[in-house]
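In what follows, a single structure is set out as structure tokens and then discussed.
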Amino acid sequence: MNAATPPKSGMFVILLATAITAGANGASARSPAPGDRYEIVRETSSAEQSSRDNSGATHDRDSYLLRILASRENGFELEYDLPAKTSAEDRARTWQFPVRVFQPRNGPLQLLNASELNDRITKWLAAGKLPRSACGHWVFTWNAFKVECDPQSVLGALEALRLPLTPVAVGDTYILPGTGSSGVIKNKDGTLATSMQVNPDAIRREAAESDLVVGEIMQKPVTFTAALLARSNDQISGTMTIMLSVDGGGIVTHQAIHSRIKTRKPNGEITIRTVDDEIDRRLLADDR
């Protein structure tokens with residue numbers, strides 16, 4: 001993991017659906033409680049093939065610690081941090097962690113320690129000898145990373161790690177954040193799963209954001225509005241299938257999302273992209 005950047009948000013922050021494999025992992029029923037600590041491991045793999053014989057593939061694996069700070073009537077106060085084995089040098093490369101948030105039963109995450117993060121950002125910029133004018137731009141050294149100086153930006157990244165902390169069941173309806181789409185959990189051939197069409201607008205926004213990065217690398221900057229307009233005629237279709245493993249109490253322990261996305265450009269070029277995004281959340285043994 002590159003400790004200089006927060007977890008990738010990507011399309012799965014906004015294209016989140018739910019499905020369940022009931023009773024998986026043989027875990028006993030146990031409700032999350034203040035003081036519980038979890039290890040979260042996220043793995044993402046993608047492959048892309050175009051009609052022009054261009055192809056590419058990526059794979060990432062990141063680990064985090066999650067601690068439940070408090071339980072409220074409508075949600076939980078949480079703390080996300082880097083793994084305990086993270087070196088001081090790697091920790092100094094990021095200002096995002098530890099971060100405290102409120103995760104409501106419904107609705108987006110809310111940042112709880114914004115002032116603390118602002119202080120860290122100031123020190124982080126000074127340590128890297130970066131001026132405030134660098135904020136919002138990309139830096140290219142041995143690795144490319146965005147100089148992000150907005151504490152609220154961490155919320156979008158954390159949504160990619162978000163799993164329900166309350167029981168889920170057949171018939172529950174899940175609204176996909178930022179898309180207006182939703183899916184109903186069903187039992188299909190002994191496995192609880194849901195499939196739905198991808199949201200073309202969400203895919204276009206993700207592609208436009210990538211175009212901004214490429215433009216900066218090539219020293220041909222574009223605005224987000226221009227990049228999005230250039231993608232407006234792309235014909236996009238595809239499906240997502242999401243499966244979850246839960247413990248005996250219906251609490252999610254594993255989420256797997258498989259997506260297949262087809263893009264046809266105005267010039268006739270076709271690109272097929274497949275993405276697998278898996279998250280494991282394991283209660284640490286000493287917290288049982």
Presence of salt bridge, [Y] and [X], under 4.0 angstrom:
X: Glu48; Y: Lys262; result: no
X: Arg205; Y: Glu209; result: no
X: Arg231; Y: Asp211; result: yes

Check Gly238 against Gln197 and note the closest heavy-atom contact, atom names and distance. O-OE1, 3.1 Å
From CA spacing to verdict: ring-ring contact (aromatic ring centres under 6.0 Å, His included), Tyr38, Tyr64: CA-CA 8 Å; Tyr38 297 84; Tyr64 305 91; over 10 Å; no
Quick check: is Leu283 connected to Leu66 through a chain of hydrophobic side chains (ILVMFWY, heavy atoms under 4.5 Å apart)? yes
Does [X] use its side chain to pair, donor to acceptor, with the backbone of [Y] at less than 3.5 Å?
X: Asp36; Y: Ala33; value: yes
X: Thr122; Y: Asn118; value: yes
X: Ser46; Y: Ala57; value: no
X: Asn113; Y: Arg100; value: yes
X: Gln110; Y: Pro104; value: no
X: Asp172; Y: Ala169; value: yes

For Glu39 and Arg67, what are the C-alpha separation, side-chain angles and deciding distance, and is it a salt bridge (charged side-chain N to carboxylate O under 4.0 Å, His left out)? CA-CA 9 Å; Glu39 177 188 48; Arg67 183 162 66 101; over 6 Å; no
Does a sphere of radius 6.0 Å around CG in Asn106 hold more than 12 heavy atoms from other residues, nucleotides or ligands, not counting ones at 6.0 Å or beyond? no
Does CZ in Arg260 sit with more than 12 non-hydrogen atoms of other residues, nucleotides or ligands closer than 6.0 Å? no
Evaluate the criterion side-chain contact (heavy atoms from CB on, under 4.5 Å) for residue pair Cys149 and Leu125; output intermediate values, then yes/no. CA-CA 9 Å; Cys149 304; Leu125 289 171; 4.1 Å; yes
Per the side-chain hydrogen bond (donor to acceptor under 3.5 Å, both in side chains) rule, which among Gln255, His254, Arg42 passes with Asp280? His254
Nearest 0.5 angstrom please: Asp81 CG to Leu65 CG, how far? 6.0 Å
